[in-house]
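Let me begin by presenting the structure, written as structure tokens, before commenting on it.
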Amino acid sequence: MNWFLDMCIIIFYASNTKDIKSVKSIEFVKNKKDNRFLVCFYITKENMPKWIKRQNVILKIVGIKVLNPSIELEKIEEYQELFPQDIIILKKRLAQYSSSENKQEYYQKLRKNHNLLIQRINYFLSKLIDKEVVPIKEIKFELKSALFTFLENHSDAMTLASGIQYAQEEELKILTGDKHDWNKNNLEWTFSSRPDLAKKFAKIPEIVCIQNI
Amino acid sequence: MVDKVKKTPDEIRAEILNQLKNGPKTIAEIGEAINSNWLTIEKFLKELKEEGIVFEVVSSPKMKIYRSTEDLAYYSLPFSDEIRNNSSSLLYAIAEKWKKETGVIPSRTMLQKVAVELIEQSEGKIKEIPILRFHYGQTLAVRYDESSSIHCKPFNLNESQITFLKSLIKKYHGKFCKDAKSAQYKKPGMELYKEKEDNLVKGFSCFSQENKEKIEKSLLKLSIFYPIELKNSFPLFDKFIYCSTSLLNLKDPEAKKEGFSKIRELFSLVWDAITSEYFFYDAEKHILPEKKELFYLIRDSILNLKFASLNSLISDLESEVNSINPDEIESLSDKESLEIRQLFVEGAGEG
């Protein structure tokens with residue numbers, strides 16, 4: 001079976017926690033056998049590098065706060081590079097840091113866990129992916145735009161569009177996390193109002209949530 | 001340009017060397033100063049280079065920069081005559097005093113450490129002598145060379161400076177350089193050096209589980225102390241720390257030992273890159289505006305070479321690390337680590 005993987009699956013695998021999504025992703029990878037893992041170029045070349053970069057920024061800002069606790073976040077140059085959801089993660093990290101018993105040890109632990117997570121991501125991308133599909137420039141704009149109407153998220157629209165596009169070439173299942181809006185109903189609703197797209201992308205792939213595997 | 005006055009080859013050689021006495025120069029600068037054309041200067045510089053009297057600092061198709069091999073300034077940077085003379089004469093004055101008090105001349109590193117301590121504790125003109133961070137901590141802009149310093153006039157120290165110098169000589173005579181280094185590294189702002197000296201140097205001495213843990217902890221600590229102003233070496237340092245985490249946590253003991261050796265070998269080059277950038281960063285503040293262009297050419301030539309060779313080694317190591325099966329690496333399973341990693345899961349779905 002061809003599995004088209006959403007980026008979160010790689011991160012769940014790399015995070016190696018007791019969370020059900022992480023446990024299931026690791027299990028899924030271990031049982032790969034003859035399954036083929038497909039990832040779109042948008043993830044490998046754009047979204048994942050950007051995600052890693054933002055994690056690096058979070059790590060750096062925590063490091064700056066360790067050395068200078070009174071510094072205001074907004075005054076740190078790299079802070080501007082973060083998305084609102086990254087800022088939430090940063091604030092949670094700072095809360096973890098504040099409540100840790102040994103502050104310097106917390107940062108070292110954060111850095112070590114961060115490095116090991118990145119190693120697992122890089123390993124996944126270099127060793128476990130069978131094929132990278134749909135060059136970014138070849139993602140059909142009209143499909144991506146149509147998906148965006150219900151996803152309201154550029155990254156999700158780019159990834160899902162890549163998956164649907166590639167499904168026209170090879171049979172596949174899309175594997176994601178708990179993205180409730182990635183479902184058959186939403187796709188059918190989108191294509192029902194766009195017969196041109198429904199004709200062009202007639203093969204709608206099955207979308208599977210990792211928790212349900 | 002046409003030679004206006006016919007000079008003998010010996011005269012031209014002497015004039016070229018005189019031009020390089022106080023720092024590096026381009027062929028064009030020398031030519032303009034001694035009123036000779038580019039080809040003549042290049043011809044004589046080539047001869048002097050073959051004789052080991054001058055050295056080519058920067059060699060590019062567009063620009064060649066030369067220095068005298070007797071130039072005492074580190075990396076032959078174009079510091080002003082005042083900085084060169086004052087720094088050299090202070091080192092000379094300390095060496096002479098040390099010799100007079102103890103009968104011996106201290107090591108060059110010891111001399112630099114004492115000079116820095118003397119400058120920091122003193123008032124007046126001596127305060128204008130620049131102190132720069134380099135491989136072994138703070139140093140002056142020039143090295144000490146006994147044979148070259150003979151032509152130097154000792155720095156004029158006042159009574160209180162002489163008294164303080166005597167106390168420093170008494171404090172460090174018979175001691176190792178590491179004692180003077182340790183004293184310097186205790187100062188605020190020197191945490192990076194202190195961490196390296198206290199834990200990395202000792203930890204790298206031989207492989208053991210205890211040393212492996214010491215090294216790992218220390219490398220992670222270095223990333224806290226990493227000077228934010230050193231932007232160019234940071235990506236290399238960061239990749240190095242990334243690689244070291246995986247290599248030092250391999251489950252297989254033999255593989256871990258091998259990883260330890262790789263980290264140890266590479267660390268010296270990483271340190272060289274960071275502290276070289278530090279040196280240029282500090283030095284830039286003491287370069288006169290008219291010498292800035294020359295300074296940048298030398299800096300970029302030296303740092304680019306260092307970074308390029310280090311980058312290639314680190315990239316190879318990174319590829320090696322990225323192909324290690326994560327199952328072969330020990331991960332942290334304590335509660336705090338799981339909480340840390342859980343936040344990655346929370347942020348996973350967000351593009």
Side-chain angles (χ1 to χ4, degrees), chain A residues 6-19 21-22 47 50-51 54-56 58-59 63-64 66-67 83 85-86 88-89 92-93 96 100 104-120 122-127 153-156 158-159 176-179, chain B residues 188-189 191-192 195 213 216-228 231 234-235 238-250 317-351:
Chain A
D6 185 12
M7 190 172 91
C8 62
I9 300 298
I10 304 171
I11 300 171
F12 295 157
Y13 164 83
S15 62
N16 191 17
T17 65
K18 289 176 180 166
D19 183 281
K21 295 186 286 271
S22 178
N47 210 21
K50 281 183 179 171
W51 186 85
R54 297 201 310 278
Q55 299 313 306
N56 286 336
I58 292 173
L59 182 72
I64 291 171
V66 172
L67 276 185
F83 291 164
Q85 61 269 27
D86 299 323
I88 297 171
I89 299 292
K92 285 190 178 193
R93 287 247 176 271
Q96 278 180 337
S100 63
Q104 210 165 65
E105 203 174 278
Y106 170 82
Y107 180 78
Q108 289 170 28
K109 222 177 247 183
L110 171 62
R111 173 90 208 210
K112 185 172 173 176
N113 279 295
H114 172 97
N115 287 351
L116 293 176
L117 174 114
I118 305 296
Q119 194 276 336
R120 289 174 76 93
N122 287 333
Y123 174 79
F124 196 106
L125 295 176
S126 62
K127 297 285 172 188
N153 177 309
H154 171 75
S155 303
D156 279 358
M158 293 289 274
T159 305
T176 185
D178 51 357
K179 289 180 178 167
Chain B
E191 292 85 358
L192 189 78
E195 187 55 42
E213 277 164 23
E216 189 185 10
K217 211 169 176 183
S218 186
L219 287 175
L220 292 171
K221 246 184 183 178
L222 277 196
S223 47
I224 302 181
F225 298 137
Y226 185 90
I228 203 158
K231 294 190 191 314
F234 183 75
D238 201 42
K239 277 186 190 174
F240 171 74
I241 298 291
Y242 162 71
C243 293
S244 69
T245 305
S246 294
L247 292 174
L248 292 173
N249 287 288
L250 288 167
L317 192 66
E318 197 185 9
S319 305
E320 195 185 311
V321 164
N322 290 344
S323 59
I324 300 172
N325 186 330
D327 292 343
E328 293 167 17
I329 302 171
E330 282 168 26
S331 68
L332 297 170
S333 52
D334 60 286
K335 190 172 169 272
E336 199 170 40
S337 290
L338 288 172
E339 282 171 5
I340 286 170
R341 296 207 296 273
Q342 186 55 32
L343 275 186
F344 289 118
V345 176
E346 280 190 35
E350 307 298 340

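Protein chains get the first letters and strands the later ones, always in sequence-line order, with residue 1 at the start of each. Remember, it's a predicted structure, so these values are computed and weren't measured experimentally.
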If I take atom CD from residue B:E216 and atom CD from residue A:Q108, how far apart are they, to the nearest 0.5 angstrom? 9.0 Å
A:K112, part contacting chain B, at a heavy-atom distance under 4.5 Å: both
As a quick check of understanding, evaluate side chain to side chain contact (heavy atoms under 4.5 Å, CB included) for B:I228 and A:L67, giving each step before the final call. CA-CA 11 Å; B:I228 203 158; A:L67 276 185; over 6 Å; no
Please classify the contact of A:K92 with chain B as side chain, backbone, both or neither, using a heavy-atom distance under 4.5 Å. both
Of A:N115, A:N113, A:I118, the one forming a side-chain contact (heavy atoms from CB on, under 4.5 Å) with B:T245 is A:N115
Of B:L338, B:N325, B:D334, the largest count of non-hydrogen pairs under 4.5 angstrom with chain A goes to B:N325
CD/A:Q96 to CD1/B:I340 distance, rounded to the nearest 0.5 angstrom? 5.5 Å
Heavy-atom nearest pair, A:S15 first then B:R341, reads O-NE, 2.7 Å
Heaviest contributor of heavy-atom pairs below 4.5 Å to chain B, chosen from A:K21, A:R93, A:K18, is A:R93
Which atom names give the shortest non-hydrogen contact between B:A348 and A:C8, and what distance separates them? O-CB, 4.0 Å
Roughly how far, to the nearest 0.5 Å, is CD1 of B:I324 from OG of A:S126? 10.5 Å
Which atom names give the shortest non-hydrogen contact between B:Y242 and A:Q119, and what distance separates them? OH-CA, 3.1 Å
For chain A, find which of B:D238, B:I329, B:D327, B:V321 contributes the most heavy-atom pairs closer than 4.5 angstrom. B:D238
Chain B heavy atoms under 4.5 Å from A:Y107: which part of the residue, side chain, backbone, both or neither? side chain
Contacting moiety of A:H154, where chain B heavy atoms sit under 4.5 Å: neither
Working note: A:T17 + B:E339, criterion side chain to side chain contact (heavy atoms under 4.5 Å, CB included); need CA distance, chi angles, decisive distance, verdict. CA-CA 8 Å; A:T17 65; B:E339 282 171 5; over 6 Å; no
Winner by heavy-atom pair count (cut-off under 4.5 Å) against chain B, out of A:K50, A:R120, A:R111: A:R111
Less than 4.5 Å to any heavy atom of chain B: does that hold for the side chain of A:S100, its backbone, both, or neither? both
Looking at B:S244, B:S331, B:S223, which makes the most heavy-atom pairs under 4.5 Å with chain A? B:S223
So for A:I88, is it side chain, backbone, both, or neither that comes closer than 4.5 Å to the heavy atoms of chain B? neither
Max heavy-atom pair count under 4.5 Å with chain B, selected residue of A:N56, A:T159, A:D19, A:L59: A:D19
